[in-house]
S.K.: 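Here it is, the structure, as structure tokens.
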There are 2 protein chains.
Amino acid sequence: MATSKGKKQLDQSTEEKIKAAARKVFHQKGYAATRTRDIAEESGINLALISYYFKSKENLYEIITLETVFKFMHNLAVVFHDESSSFDEKIEQLADRYIDFISKEPDIPLFILTAMRNNPVKFGDKIPLKTIVLESIFYQQFQEKLQEGNHADISPLQYLLNLVSLIIFPFVAKPVFQNITGTKDSQFHKMMQERKKLIPIWIKSMYSKP
Amino acid sequence: MATSKGKKQLDQSTEEKIKAAARKVFHQKGYAATRTRDIAEESGINLALISYYFKSKENLYEIITLETVFKFMHNLAVVFHDESSSFDEKIEQLADRYIDFISKEPDIPLFILTAMRNNPVKFGDKIPLKTIVLESIFYQQFQEKLQEGNHADISPLQYLLNLVSLIIFPFVAKPVFQNITGTKDSQFHKMMQERKKLIPIWIKSMYSKP
DNA sequence: GTCTATAGGGGGATAGAC
DNA sequence: GTCTATCCCCCTATAGAC
């Protein structure tokens with residue numbers, strides 16, 4: 001039952017402590033505003049150990065970013081490649097999983113969006129995003145739906161944008177939204193839960209013939 | 001015809017040069033990653049003049065941020081308070097104006113979103129966001145629409161979130177989207193232009209009775 | 001108002017003891 | 001593996017000449 005590192009499961013290894021702290025601080029403040037000293041304090045380890053285990057701040061950041069993007073896209077991959085679910089069920093599952101995921105990790109969307117803008121190429125090379133989307137069962141089912149023809153005009157790319165926008169943007173805009181509307185955290189959370197059911201319905205309406 | 005500063009209109013004052021450069025660099029890289037030296041180089045002025053005119057980097061950043069948020073919300077205010085247009089026309093105008101605006105200033109949405117997350121209170125106090133939205137003609141017209149009752153259930157807040165999400169998010173997600181789909185800049189621009197017409201239609205469909 | 005020169009502090013990284 | 005002490009560069013801000 002020991003881990004591969006031969007440590008107890010209860011207390012993390014130093015390496016893992018650093019990564020957990022780095023994840024937290026980088027997600028919250030971004031690369032430039034984060035000091036290695038913040039990570040050291042957050043994790044309770046000694047500053048010098050960051051260099052010992054990860055060589056540089058930049059290297060640590062790259063590791064965290066790659067892992068974060070992977071984790072985020074994992075939900076997508078699981079749903080997109082599920083053989084047992086229908087197209088409509090996949091939409092429901094996407095809304096459900098991502099709204100839960102982002103509710104628990106609210107800093108991740110802005111973190112990824114910023115990381116990708118600052119360095120679009122680097123991460124594009126290392127993460128098989130195209131494969132996940134374009135070679136998925138979801139994409140096949142999408143093509144079949146287009147063949148049926150009993151829908152309003154669908155551009156697959158616009159469809160994808162709409163789906164993702166409706167799911168993710170409210171979380172990114174949360175501070176602005178709460179500022180304008182005076183919505184409290186509990187209300188906001190309730191609204192996001194409602195969107196799990198509403199988004200699939202809305203998406204269907206958008207593409208049904210009039 | 002002279003400006004209040006008594007300078008020619010053709011070449012900007014030093015103060016304006018600095019602000020223009022600061023705007024550009026802050027929008028692109030954010031506060032922490034921006035060095036005052038970047039702003040000096042970008043504007044072609046001497047580093048010491050930034051302190052002379054604006055005292056500190058932080059103060060300059062605050063000025064830029066406030067102006068940016070004002071400028072962004074101005075489109076909203078103009079459309080929301082227009083007495084001559086109908087509710088549906090306002091939706092069309094919003095999509096139209098914001099898609100044009102963000103196309104020209106693509107860094108602004110992420111800049112504002114990040115600024116508001118890092119300091120939600122400060123800007124909330126200084127910008128009359130609530131007034132712009134909740135005391136607008138748009139909001140009145142919205143209430144009237146609710147009274148009519150010939151629509152699917154509408155939560156005003158969810159409606160607002162959907163509208164804004166569909167307009168803004170594609171621009172924020174542009175790097176990720178292009179990475180996944182291989183879409184080029186020209187294609188992306190064309191898609192956003194199409195959305196000017198599509199978003200009002202989609203929004204209507206979402207809220208029409210089945 | 002604009003420049004040069006520099007103060008002063010902070011932050012990433014490492015040497016070397018334990 | 002972990003710690004203390006410190007190096008050294010870089011960045012903001014300012015003093016002071018022009």
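Quick note on labels: first sequence line is chain A, next is B, and so on, each numbered from 1.
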S.K.: Figure out the NZ/P separation between Lys55(A) and dA15(C), and round it to whole Å.
M.R.: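 Result: 11 Å.
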
S.K.: Round to a whole Å and report the spacing from CD1 of Ile50(B) to P of dA15(D).
M.R.: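 In whole Å, dA15(D) P lies 17 Å from Ile50(B) CD1.
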
S.K.: Between dA13(C), dT2(C), dG12(C), which nucleotide gets closest to the side-chain atoms of Thr36(A)?
M.R.: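 So the nucleotide nearest the side chain must be dG12(C).
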
S.K.: Kindly point out which of dA15(C), dT2(D), dA13(C) is positioned nearest to the side chain of Tyr52(A)?
M.R.: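 So the side chain of Tyr52(A) is nearest to dT2(D).
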
S.K.: Would you say NZ of Lys196(A) has more than 12 non-hydrogen atoms from neighbouring residues, nucleotides or ligands within 6.0 angstrom?
M.R.: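 Yes, enclosed.
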
S.K.: Give the nucleotide from the list dA15(D), dT4(D), dA13(C) with an atom nearest to the side chain of Ser51(A).
M.R.: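 The answer is dA13(C).
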
S.K.: Which one, dT2(D), dG1(C), dA15(D), comes nearest to the side chain of Tyr53(A)?
M.R.: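 Closest of the options to the side chain of Tyr53(A): dT2(D).
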
S.K.: Give the nucleotide from the list dT4(D), dG11(C), dA13(D) with an atom nearest to the side chain of Arg35(A).
M.R.: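 Within the option list, the nearest is dG11(C).
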
S.K.: Looking at Glu58(B), I'd like to know if its CD atom is crowded, meaning that more than 12 non-hydrogen atoms belonging to other residues, nucleotides or ligands lie closer than 6.0 Å.
M.R.: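 Atom CD in Glu58(B) is not packed in, count stays at 12 or less.
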
S.K.: Indicate yes or no: does Arg35(A) engage Asp38(A) in a salt bridge with an N to O separation below 4.0 Å.
M.R.: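 Salt bridge between Arg35(A) and Asp38(A), a charged N being under 4.0 Å from a carboxylate O: yes.
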
S.K.: So does Arg37(A) reach the base of dG12(C) with its side chain, donor to acceptor, closer than 3.5 Å?
M.R.: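 Yes, a donor-acceptor pair under 3.5 Å.
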
S.K.: With nearest nucleotide decided by heavy atoms, which residue, Leu49(A) or Glu58(B), maps closer to the 5′ end of DNA chain D?
M.R.: Leu49(A)

S.K.: Just the rounded figure in Å: distance from C1' of dG10(C) to CG of Asp38(A).
M.R.: 12 Å

S.K.: What is the distance from CG of Leu47(A) to C1' of dG16(C), rounded to the nearest Å?
M.R.: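 Atom CG in Leu47(A) sits about 16 Å away from atom C1' in dG16(C).
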
S.K.: If I take atom CZ in residue Phe54(B) and atom P in nucleotide dA13(D), what distance separates them, rounded to the nearest angstrom?
M.R.: 13 Å

S.K.: In this structure, are over 12 heavy atoms from other groups packed under 6.0 Å from Lys24(A) atom NZ?
M.R.: no

S.K.: Should the heavy atoms of other residues, nucleotides or ligands under 6.0 Å from NE2 of His74(A) be counted, would the total exceed 12?
M.R.: no

S.K.: Considering only side-chain heavy atoms of Asn46(B), which listed nucleotide, dA13(D), dA13(C), dC3(C), is closest?
M.R.: dC3(C)

S.K.: Given atom CD1 of Ile45(B) and atom C1' of dT2(C), what is their separation to the nearest angstrom?
M.R.: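 Those two atoms, CD1 and C1', are 10 Å apart.
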
S.K.: Can you check the Leu60(A) CG to dG11(C) P distance for me, whole Å?
M.R.: 17 Å

S.K.: Output the rounded distance in Å from CD1 (Ile18(B)) to P (dC3(C)).
M.R.: 10 Å

